[in-house]
Amino acid sequence: MAAAGAAGASVMAHNGYAQEAVKLPVEPAGTVPNSAVIAEKFSGMQVHSERPLTASVPAESHHFSVTPNDRMFVRNNLLTPDIDASKHRLTVKGSVHKEVSFSVEELRKNFPVVRTQAMLECAGSGRSGFVPRPSGTPWSASGGMGCPVWNGVRLRDVLRAAGLQNNAAYVAGQGGDFGVIATAAPVIRSIPMDKAMEPHTMLVFGMNDGPLPKIHGAPLRLLTPGWAGSASTKWLHTLTVLDAPFKGTFMDSSYRIPRDAVKPGDRMPPDALVTEGWPVKSMITYPAPNAVFQVRRLVLIEGRAWVGEGAISRVQISLDEGVSWQNAQLNNAGDKFAWRTFSVELRPEKPGFVTVLARASDDRGNTQPIVSKWNPLGYFWNGVHRVGFSVEA
Amino acid sequence: MRLSVMALLFAASVASAQDAEPSRTLTPGKGAELATARCVICHDAQHITRTKLSRGEWEFNIKNMIERGAPIAPNEIAPILEYLSTYYNRDVAAPAPTAAATGGDPVANLLNANACTACHQVDKRVVGPSFKEVAAKYAGDNTAVGKLVTKIRQGGSGVWGASPMPPNAAVADADLQQLVGWILQQK
């Protein structure tokens with residue numbers, strides 16, 4: 001079989017789509033090799049696919065109040081570009097009074113520099129919870145997200161510098177990533193103006209108060225906090241202000257979610273919505289699955305809860321598979337789009353196997369379901385998280 | 001009702017934890033080479049082999065990937081769809097590998113028909129030793145054929161590690177002799 005092996009392979013020219021055989025070098029020029037990306041990651045990071053590169057850590061490896069760089073998930077659509085920060089520029093064009101362009105240094109000097117801790121989560125995070133499993137990266141229930149600190153400038157300040165025309169209603173981001181073949185479509189996503197003007201929506205050049213790693217979008221990325229990750233364009237070079245949502249495959253055929261449940265295997269309904277803010281979600285970060293504790297000793301169950309828009313109002317846990325629920329202690333809220341830590345003290349009275357379920361609710365009346373509604377692309381899994389541990393005499 | 005949903009959820013989590021690593025190559029069959037040539041450019045083959053989909057979902061995927069720039073010509077859509085929805089269909093079991101699919105190679109047919117390749121590859125250790133490792137171990141041993149025929153038929157464990165080799169009582173003598181002869185030639 002003409003499999004594309006590690007040593008590179010060629011694709012036959014055919015039917016005018018490619019004039020010459022397309023060579024697939026192991027590491028195309030101008031890209032960061034996968035091995036270099038993974039070398040900077042936590043040893044427990046699970047690589048879900050090598051082409052495109054996708055990787056995440058399990059829930060118990062997220063037991064930090066702020067996600068460290070080496071635990072942050074990796075989700076490329078294409079290759080990882082290796083961009084020279086000193087030559088990189090961001091252009092703002094479209095429905096603006098004046099097309100403007102800035103280097104990263106100019107952004108830093110010309111606009112107030114801000115920092116915020118905020119959730120970033122791939123739309124497909126948790127996809128492996130859906131039965132049957134839809135196509136796409138099989139992220140675990142807790143995979144494909146993180147909540148680091150982001151450093152940068154407010155998008156709205158930069159848009160105001162360009163001056164918005166009256167018809168300005170959406171902003172589309174385009175990044176410098178490219179595919180192994182020239183025909184690979186650029187990943188372009190647009191966000192509505194009210195989200196673009198939200199003060200936490202940022203042009204990011206730093207992560208956790210240090211440099212932004214290349215795999216996470218250096219030299220510059222968009223941060224659309226709390227929303228499906230694809231709205232936070234990495235390697236950002238162009239912002240186009242539009243009077244309508246951007247039309248393109250990554251807006252119209254991908255990152256869509258039906259308004260209601262779909263029969264598994266059925267197609268996306270034509271009136272499906274663009275994925276925006278994540279629904280309310282939580283995970284148990286301690287203990288790890290199958291941990292062992294001594295009977296009558298204190299076990300401090302801990303976890304994280306978040307929602308794309310709005311605020312967490314309550315987290316509950318169940319020790320009887322969802323028959324009854326008790327409130328968890330919800331710790332102080334931090335930044336607007338950051339996850340919140342919750343905890344519950346348990347003192348198991350008898351030996352055995354204990355299963356803990358966690359579910360969060362938001363201030364808009366939404367609560368996590370036991371199982372999320374099936375949808376064709378497997379987005380927005382927010383079914384209750386579940387961890388079991390043993391209690392020994 | 002709630003109980004059954006939770007049981008389903010639990011079953012799903014156990015199943016995914018125990019999933020073997022999906023194959024890194026597409027199952028041989030009509031259209032496999034075309035699907036490999038067109039899909040295994042931007043994706044590793046596991047993007048296909050790890051998830052079975054409905055025919056409608058494959059059709060959507062092909063359309064979506066063409067929008068994203070996959071170099072698939074209009075007359076290639078039908079054979080690729082036919083291949084994917086034959087071998088990676090959630091609703092219809094994949095056919096057993098045929099002589100035509102494996103190019104009529106009798107050893108390949110035996111390896112496929114008896115699921116040998118689920119645990120053994122020619123030059124890479126998977127669950128069990130590679131065929132090359134087996135050949136190297138028994139090089140110069142003139143009782144090797146008899147030992148291996150017995151081993152394949154009765155199964156065993158401990159020679160190559162903890163994973164046991166299951167018995168294969170139903171393989172015909174002549175087929176076993178042919179397989180073992182081929183294995184010992186892998187160098």
Side-chain angles (χ1 to χ4, degrees), chain A residues 1-4 9-18 22 24 48-52 77-79 128-138 140-141 179-187 248-250 252-254 264-268 289 321-323 355 357 370-371 376-377 383-384 386, chain B residues 1-3 5-13 15-17 19 22 24-28 32-48 50-61 63-76 88-91 103:
Chain A
M1 213 173 358
S10 64
V11 177
M12 298 302 289
H14 61 96
N15 301 337
Y17 276 76
V22 181
L24 300 182
H48 305 294
S49 61
E50 292 162 26
R51 217 168 353 139
N77 273 284
L78 302 167
L79 300 164
S128 61
F130 289 105
V131 179
R133 190 181 296 176
S135 175
T137 305
S140 65
V180 289
I181 50 172
T183 51
V187 183
T249 180
F250 290 97
D252 301 328
S253 298
S254 300
D266 275 5
R267 287 167 191 243
M268 188 73 77
E321 297 290 8
V323 177
T355 303
L357 274 59
I370 299 282
V371 173
L377 297 174
V384 296
R386 189 167 185 275
Chain B
M1 183 58 199
R2 173 176 281 157
L3 197 69
V5 170
M6 291 311 302
L8 185 66
L9 192 66
F10 181 68
S13 67
S16 63
D19 276 352
R24 289 177 176 271
T25 55
L26 301 188
T27 301
E33 290 192 20
L34 181 64
T36 299
R38 299 296 177 263
C39 308
V40 188
I41 306 171
C42 299
H43 295 291
D44 32 62
Q46 290 177 313
H47 203 82
I48 292 170
R50 71 190 172 202
T51 312
K52 290 182 172 175
L53 301 175
S54 68
R55 188 184 180 93
E57 285 173 272
W58 280 126
E59 194 173 4
F60 169 81
N61 258 277
K63 171 183 161 287
N64 196 9
M65 291 304 129
I66 291 172
E67 281 183 16
R68 292 188 184 190
I72 298 172
N75 64 356
E76 293 171 347
Y88 299 97
N89 193 322
R90 177 194 297 146
D91 305 313

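Side chains included, hydrogens not; waters and symmetry mates left out as well; all remaining heavy atoms used. First the proteins, then the strands, lettered A, B, ... as listed; each starts at 1. A quick note: this is a predicted structure, and the numbers were derived from the prediction, not measured.
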ask   = Where on A:Pro376 is there a heavy atom nearer than 4.5 Å to chain B: the side chain, the backbone, both, or neither?
value = backbone
request  = Output the option from A:Ala182, A:Ala184, A:Gly179 having the highest count of non-hydrogen pairs under 4.5 Å with chain B.
outcome  = A:Ala184
query = With a 4.5 angstrom heavy-atom cut-off, which part of A:Asp252 approaches chain B: side chain, backbone, both or neither?
reply = neither
note = When the 4.5 angstrom heavy-atom criterion is applied to B:Lys63 and chain A, the contacting part is side chain
task = Please round to the nearest 0.5 Å and tell me the distance separating atom CD1 of B:Ile66 and atom OG1 of A:Thr249.
result = 11.0 Å
query = Does A:Asp266 have any salt bridge (Lys or Arg N to Asp or Glu O under 4.0 Å) partners at least two apart in sequence or in another chain, and if so, which?
reply = none
request  = Tell me, with the steps shown, if B:Arg24 and A:Glu50 meet side chain to side chain contact (heavy atoms under 4.5 Å, CB included).
outcome  = CA-CA 11 Å; B:Arg24 289 177 176 271; A:Glu50 292 162 26; 3.5 Å; yes
Engaged part of A:Leu377 at the chain B interface, taking heavy atoms whose separation is under 4.5 Å = side chain
Set of residues satisfying salt bridge (Lys or Arg N to Asp or Glu O under 4.0 Å) with respect to B:Arg55, sequence neighbours excluded = B:Glu82
ask   = With a 4.0 Å cut-off, would you call A:Arg267 and B:Glu57 a salt bridge?
value = no
ask   = With a 4.5 angstrom heavy-atom cut-off, which part of A:Phe250 approaches chain B: side chain, backbone, both or neither?
value = side chain
remark   = Output for pair (A:Arg133 CZ, B:Arg50 CZ), nearest 0.5 Å, gives 8.5 Å
query = So which of A:Ala185, A:Gly248, A:Ser140 has the biggest tally of heavy-atom pairs under 4.5 Å with chain B?
reply = A:Ala185
query = What is the distance from atom CG of B:Asn64 to atom CE of A:Met268, rounded to the nearest 0.5 Å?
reply = 9.0 Å
Interchain contact, B:Asn61 with chain A, by part (heavy-atom threshold 4.5 Å) = side chain
query = Going by atom types only, do A:Ser253 and B:Arg68 share a side-chain donor-acceptor pair under 3.5 Å?
reply = no
key: Heavy-atom pairs under 4.5 Å with chain B, option from A:Gly383, A:Pro52, A:Ser254, A:Ser135 with the top count   = A:Ser135
